[in-house]
2 protein chains.
Amino acid sequence: MTTAKRDTYTPETLLSVAVQVFNDRGYDGTSMEHLSKAAGISKSSIYHHVAGKEELLRRAVSRALDGLFGILDEEHARGGHAAERLEYVVRRMVEVLIGDLPYVTLLLRVRGNTDTERWALERRRDFDHQVAELLRAAAADGDVRRDVEGRLATRLVFGMINSIVEWYRPDGRGMSEREVADAVVQLVFGGLRKDA
Amino acid sequence: MTTAKRDTYTPETLLSVAVQVFNDRGYDGTSMEHLSKAAGISKSSIYHHVAGKEELLRRAVSRALDGLFGILDEEHARGGHAAERLEYVVRRMVEVLIGDLPYVTLLLRVRGNTDTERWALERRRDFDHQVAELLRAAAADGDVRRDVEGRLATRLVFGMINSIVEWYRPDGRGMSEREVADAVVQLVFGGLRKDA
DNA sequence: GTCTATATTACGATAGAC
DNA sequence: GTCTATCGTAATATAGAC
């Protein structure tokens with residue numbers, strides 16, 4: 001056994017506090033003073049755990065990116081028909097979004113004012129392109145409509161999925177991850193219109 | 001006739017510069033120094049035209065909100081079957097988003113750190129609720145699927161529409177407003193799946 | 001209307017005691 | 001690991017000349 005859980009901060013526990021504040025106020029709208037108040041320790045104590053504000057951002061977006069890229073390595077995302085792989089990836093994106101909600105939220109709001117932010121934006125683009133490639137393959141198979149151009153469709157679908165971070169809150173009796181994922185898959189593939 | 005167009009700033013022309021910078025760097029990430037560099041005048045000259053940074057924000061989001069609420073007053077949004085009114089509103093939202101792109105972009109990124117931001121968030125919620133009501137009516141008419149809960153569907157559809165500000169750029173030979181609106185209507189109502 | 005100069009406050013980060 | 005005190009910089013905004 002390790003020693004009993006301590007009352008003090010680690011970079012990891014401090015991160016979870018910081019990410020909440022970043023998401024509430026925006027990264028640029030958050031000062032070290034805000035963070036210290038939220039964490040209940042002084043500003044200088046924060047610097048004992050992390051090098052500064054930007055390191056907290058880097059750790060947070062790294063975690064989000066690892067979650068997303070992890071999807072593409074999963075078995076169901078790598079084998080089978082493109083359309084099925086696409087549906088699997090869409091569903092898993094919703095699950096990762098919700099599972100790592102605060103981290104992915106922060107990632108999706110990054111602007112590009114610092115090196116860390118520009119790096120995050122670049123990796124996000126990589127991920128987007130890989131999913132766009134899946135959609136292109138599904139269209140080539142004739143499994144998805146071709147009257148909407150591929151890049152455009154990808155962007156709109158990503159927009160729908162990513163927007164979940166703007167309202168989903170894991171409030172006890174709220175919606176489950178599964179319910180949201182089902183709804184997204186229904187709407188993305190079937191649309192609002194009633195089935196014949 | 002009025003006097004010839006002058007070379008100097010008005011609150012309106014200054015606003016168009018400021019909004020661009022706000023969207024590029026984020027509102028909180030933009031200093032008066034950034035604005036003065038972008039406008040080509042000194043910081044203090046900016047204060048001759050507007051009371052401060054927050055006034056620029058207020059003017060910008062007001063314009064965006066006026067555009068959106070204007071939709072709900074249009075004839076086609078007020079008469080006819082709910083499903084048709086809903087489709088009309090969805091299409092017009094895309095058009096207003098693109099027509100007032102920088103202003104709506106800024107509105108959609110507001111966090112709530114100042115009174116102005118909290119006021120903007122409140123009005124946005126009002127608008128969202130009115131569109132959600134339309135969707136509810138269309139569902140009651142049996143014109144849209146009922147296996148996806150109304151609030152959830154509204155949020156996802158808004159997410160898709162609003163995400164347009166993250167990538168649409170009116171670059172000369174890019175997509176037209178009409179093409180984007182068509183694609184959104186196709187996906188929102190019909191989904192990705194190929195029609196039978 | 002625009003400028004330079006400056007007041008004042010807030011910020012990120014460090015020094016050094018305990 | 002946490003604190004108080006503080007440094008140096010950058011922020012919003014104002015004063016007053018031209």
message: Students often get this wrong, so: under 4.0 angstrom with heavy atoms, is Ser36(B) touching a base, only sugar-phosphate, or nothing?
response: nothing

- request: Determine, for Arg111(B) against Asp24(A), whether the closest basic-nitrogen to carboxylate-oxygen distance falls under 4.0 angstrom.
  value: no

message: One thing to verify: whether Arg169(B) and Asp171(B) come together as a salt bridge, which I'm taking to mean a side-chain N less than 4.0 angstrom from a carboxylate O.
response: no

Length of the NZ-P vector between Lys37(A) and dG12(C), whole Å: 13 Å

message: Looking at Arg118(A) and Asp115(A), is any side-chain nitrogen of the basic one under 4.0 Å from a carboxylate oxygen of the acidic one?
response: yes

Output a table of nitrogen or oxygen pairs between the protein and nucleotides 13-18 of chain D separated by less than 3.5 Å.
unit_1	atom_1	unit_2	atom_2	d
dA13(D)	OP2	Tyr47(B)	OH	3.2

- prompt: Hey, are Arg125(B) and Glu122(B) close enough for a salt bridge, meaning a charged N less than 4.0 Å from a carboxylate O?
  reply: no

task: Can you tell me the distance, in whole Å, between the CD1 atom of Ile46(A) and the P atom of dT4(D)?
output: 13 Å

message: I'd like to know if Arg109(B) pairs up with Glu166(B) as an ion pair, taking the criterion as any Lys NZ or Arg NE/NH1/NH2 lying under 4.0 Å from an Asp or Glu carboxylate oxygen.
response: yes

message: Measure CD1/Ile41(A) against P/dA13(C) and give the value in whole Å, please.
response: 15 Å

- prompt: His48(A) side chain N/O closer than 4.0 Å to the phosphate oxygens (OP1, OP2) of dG1(D)?
  reply: yes

message: If the cut-off is 4.0 Å, is Thr8(A) near the phosphate of dG1(D), judged by side-chain N/O to OP1 or OP2?
response: no

statement: Sorted by number, residues from residues 15-27 of chain A placing a heavy atom under 4.0 Å from DNA chain C are none

query: Should the pair Glu33(B)-Lys37(B) be classified as a salt bridge under the 4.0 Å nitrogen-to-oxygen rule?
result: yes

- prompt: To the nearest angstrom, how far is Asp28(A) atom CG from dA11(D) atom P?
  reply: 11 Å

query: Should Ser42(A) be listed as having a side-chain N or O under 4.0 Å from OP1 or OP2 of dC3(D)?
result: yes

task: Answer yes or no: is there an ion pair linking Arg63(A) with Glu12(A), defined by an N-O contact shorter than 4.0 Å?
output: yes

message: Using the side chain to side chain contact (heavy atoms under 4.5 Å, CB included) criterion, which residues pair with Arg59(B)? Sequence neighbours excluded.
response: Pro11(B), Leu15(B), Val50(B), Glu55(B)

field: Nearest-Å distance for atom pair CD/C1', residues Glu33(A) and dC3(D)
entry: 14 Å

Heavy-atom side-chain proximity of Glu177(A) to Leu101(A) below 4.5 angstrom: no

- prompt: So what does Ser45(A) hit on the nucleic acid, given a heavy-atom distance under 4.0 Å: a base, only sugar-phosphate, or nothing?
  reply: base

message: dT2(D), OP1 or OP2 - any side-chain N/O from His49(A) closer than 4.0 Å?
response: yes

